[in-house]
Number of protein chains: 2
Amino acid sequence: MADLNNLISPFFLNDKEIKKVIELIFFSYRDFTAGPDKILEKLSFGRAHHRAIYFVGKKNNITIKELLGVLKITKQSLSRVLNQLVKEGFIVVSTGLDKRTKTLSLTNNGKNLENELSTIQINKIKKVINNFNHEDINGFKKILYEMIEADNKKTFQDLNA
Amino acid sequence: MADLNNLISPFFLNDKEIKKVIELIFFSYRDFTAGPDKILEKLSFGRAHHRAIYFVGKKNNITIKELLGVLKITKQSLSRVLNQLVKEGFIVVSTGLDKRTKTLSLTNNGKNLENELSTIQINKIKKVINNFNHEDINGFKKILYEMIEADNKKTFQDLNA
DNA sequence: ATAATTAAGTCAATATGGCTGACCTAAATA
DNA sequence: TATTTAGGTCAGCCATATTGACTTAATTAT
C-alpha cells in the first residue's frame, strides 16, 4: 500500500495522476479476466461464452433479446456462441409464453461451469477486499457504478432487481 | 447514488454482492473503452493500436521488448499493429544504444492522437470523480491496484517511476 | 576468437469474436 | 389484414490474438 501512496497522491488529481488511473483500470481488468480465460481455453471457449453463461446464470429464463441487450453484440455474434453452448450441453433453450421468444437456462453442466468461473473471480475480489475498510470498498463500488453509462446502469439494476 | 445503496449493501459482501461487483467491472470497463473506440474506428485502428500509442506516449523511446512486456502479447501481434502505426505516421522507430534494440516514439500526429484518445478517458474519470470525496477516490484506486498481479504491479510502478 | 544469448523481424497457419447486409419464418399486435 | 417483433441463418469481412519455425545482427560470456 505504501508503494501506491507514493505513486498516487491522494488529494488532487491532475491529468498525470488520472493517467495512472487509466493504467490501473487496464492492468486490473486484464488480470481479472485472466483466471477464467485459462479454464475456458481447455473447453475451446472464449470470453464470449463466459459472458453468455454468466448472464444466463444470473437471470434464469432470460430471452435471446434480453441477453442481446445485456451483451450489446449482434444477433449473429451471439448465435454462434449460443449454438455451441447448447450443442455442448451447457445451455438449454425453451419456448417462452410469447411463443415468438425463446428462454435460456443453464444445464447442470452449465451451472457447474458458471460456478467454477465465477468462483475464481469471486475469490479474487474477496481476497483483495479483505484488506480494506468499508469506506474504501464503498468508494470502489460507487465509482465503478458511476463509470457506467445511464442505459447500462439500468441494465445492471434490472439484473439485480 | 441512492439507487446503488439499495442495490449494494455496504457492510457485508456475500457471494451475491460480489457478483454485483463482477458486473460493475464488466459494464464500467466496456463503457470506458467505448469513447476511444469510436475515434479509432474512423482511422481503421483498433484497441491494440490505442494501447501501443498510449504506452509509447507514456514512455518515450520505449523498446519493442519493453512494450511487449507491458502489453503481454506476442511479437507477431505487436508487429502488425506497429507497422501500421509507423506506415501511417503516428510512430517513429530509431536504433537504440544497444544496436540490437529499436526505440519507439510518437510523431506529432501520434502525440495528437494519443492526446485525443486520452482526453476522452481523462475527462470521463474527472467527471465521475468530481462527485466523490477523497476516501471514495482512494478506495477506488487502492482496490484497483490490489486487483493487479504482482508482476504487473511492477510494470505499473516502472512506468510511473 | 568463438559460442551463446538477445532483440527484432518474418512467414504461415489458426482461432475467436466482432461486424454488415440480406433474407426468412412464425407469432403477436395494431 | 397489415405490420411489427423475436428469432434464425447465410455469406463475407475484419481485428486481434495465438503457435511454431526460422533468420539476421549485435552483444555478452567462455
Side-chain angles (χ1 to χ4, degrees), chain A residues 26 29-30 33-34 36-56 61-88 91-105 117, chain B residues 26 29-30 33-34 36-56 61-88 90-105:
Chain A
F26 169 66
Y29 190 81
R30 196 176 57 179
T33 52
D37 284 354
K38 275 179 214 153
I39 305 229
L40 292 159
E41 205 185 355
K42 292 177 204 159
L43 298 164
S44 298
F45 287 159
R47 231 172 259 179
H49 301 82
H50 184 188
R51 294 196 274 259
I53 284 176
Y54 179 88
F55 286 111
V56 172
N61 290 318
I62 191 172
T63 67
I64 304 274
K65 197 201 176 188
E66 286 168 333
L67 186 53
L68 285 174
V70 172
L71 297 176
K72 292 254 177 82
I73 58 176
T74 60
K75 202 170 40 166
Q76 295 90 325
S77 295
L78 178 58
S79 164
R80 196 190 321 104
V81 164
L82 222 44
N83 286 334
Q84 287 172 292
L85 289 170
V86 169
K87 184 181 288 176
E88 302 198 25
I91 283 182
V92 281
V93 183
S94 316
T95 301
L97 284 182
D98 179 338
K99 284 176 187 165
R100 289 174 304 178
T101 66
K102 294 189 177 170
T103 59
L104 306 170
S105 54
L117 297 170
Chain B
F26 169 66
Y29 190 82
R30 196 175 59 180
T33 52
D37 285 353
K38 276 179 213 152
I39 307 230
L40 293 159
E41 204 184 355
K42 292 177 204 158
L43 297 164
S44 299
F45 287 160
R47 232 172 259 180
H49 301 83
H50 184 188
R51 293 195 276 259
I53 284 176
Y54 180 87
F55 286 111
V56 173
N61 290 319
I62 192 171
T63 66
I64 304 274
K65 198 203 175 184
E66 287 170 331
L67 186 53
L68 285 173
V70 173
L71 298 176
K72 293 254 177 82
I73 58 175
T74 59
K75 205 170 35 166
Q76 295 90 326
S77 294
L78 178 58
S79 163
R80 195 196 323 104
V81 164
L82 222 44
N83 287 335
Q84 288 172 292
L85 289 169
V86 169
K87 184 181 287 175
E88 303 198 26
F90 294 95
I91 283 182
V92 281
V93 183
S94 316
T95 301
L97 284 183
D98 179 336
K99 285 175 186 164
R100 290 173 303 179
T101 66
K102 294 189 176 170
T103 59
L104 307 170
S105 54

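All chains are named by letter (A, B, ...) in the order of the sequence lines, taking the proteins before the strands, and each is independently numbered beginning at 1.
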Side chain to side chain donor-acceptor pair (under 3.5 Å) involving [X] - partner list, sequence neighbours excluded:
{"X": "A:Thr63", "answer": "A:Glu66"}
{"X": "B:Ser44", "answer": "none"}
{"X": "B:Asn61", "answer": "none"}

5' precedence on DNA chain D between A:Thr101 and A:Ser79 (nearest-nucleotide basis): A:Thr101

Round to a whole Å and report the spacing from [atom1] of [X] to [atom2] of [N].
{"X": "A:Leu82", "N": "D:dT9", "atom1": "CG", "atom2": "P", "value": "11 Å"}
{"X": "A:Asn83", "N": "D:dG7", "atom1": "CG", "atom2": "P", "value": "14 Å"}
{"X": "A:Leu104", "N": "D:dA6", "atom1": "CG", "atom2": "P", "value": "14 Å"}
{"X": "A:Asp98", "N": "D:dG7", "atom1": "CG", "atom2": "P", "value": "8 Å"}

NZ/B:Lys72: more than 12 non-hydrogen atoms of other groups inside 6.0 Å: yes

Option among B:Ile62, B:Ile91, B:Val92 that satisfies the side-chain contact (heavy atoms from CB on, under 4.5 Å) test with B:Ser105: B:Val92

Residues within residues 61-76 of chain B bordering DNA chain D, heavy-atom distance below 4.0 Å: B:Lys72, B:Ile73, B:Thr74, B:Gln76

B:Thr103/B:Thr95 under side chain to side chain contact (heavy atoms under 4.5 Å, CB included): CA gap, chis, key distance, verdict: CA-CA 6 Å; B:Thr103 59; B:Thr95 301; over 6 Å; no

Pairing residues for A:Arg51 by the side chain to side chain contact (heavy atoms under 4.5 Å, CB included) criterion, not counting sequence neighbours: A:Arg47, A:Leu71, B:Phe26

Side-chain donor-acceptor distances from residues 77-86 of chain B under 3.5 Å, at least two apart:
unit_1	atom_1	unit_2	atom_2	d
B:Ser77	OG	B:Thr74	OG1	3.0
B:Ser79	OG	B:Asn83	ND2	3.4
B:Asn83	ND2	B:Ser79	O	3.2
B:Gln84	OE1	B:His49	NE2	3.0

Every protein N/O within reach of nucleotides 1-4 of chain D N/O, cut-off under 3.5 Å:
none

Contacts of A:Tyr29 that satisfy ring-ring contact (aromatic ring centres under 6.0 Å, His included) - sequence neighbours left out: B:Tyr29

Positions of residues 40-51 of chain A (non-hydrogen atom under 4.0 Å from DNA chain C), listed by number: A:Ser44, A:Gly46, A:Arg47, A:Ala48, A:His49, A:Arg51

Euclidean distance, B:Leu43 CG relative to B:Phe90 CZ, rounded to 0.5 Å: 5.0 Å

Nearest-0.5 Å distance, NZ of residue B:Lys65 to NZ of residue B:Lys75: 11.5 Å

End axis versus end axis in the helix from C:dA1-D:dT30 to C:dA30-D:dT1, the angle rounded to 10°, five pairs used at each terminus: 30°

Exercise: identify the closest heavy-atom pair between A:Asp37 and A:Thr33: CG-O, 3.0 Å

B:Leu97 versus B:Thr101, closest heavy-atom pair with distance: N-OG1, 4.5 Å

Listing time: all N or O pairs from protein to nucleotides 12-14 of chain D that are below 3.5 Å?
none

Along DNA chain C, first and last positions that approach a heavy atom of chain A under 4.0 Å: C:dT16 to C:dA28

Heavy-atom side-chain proximity of B:Leu67 to B:Leu104 below 4.5 angstrom: yes

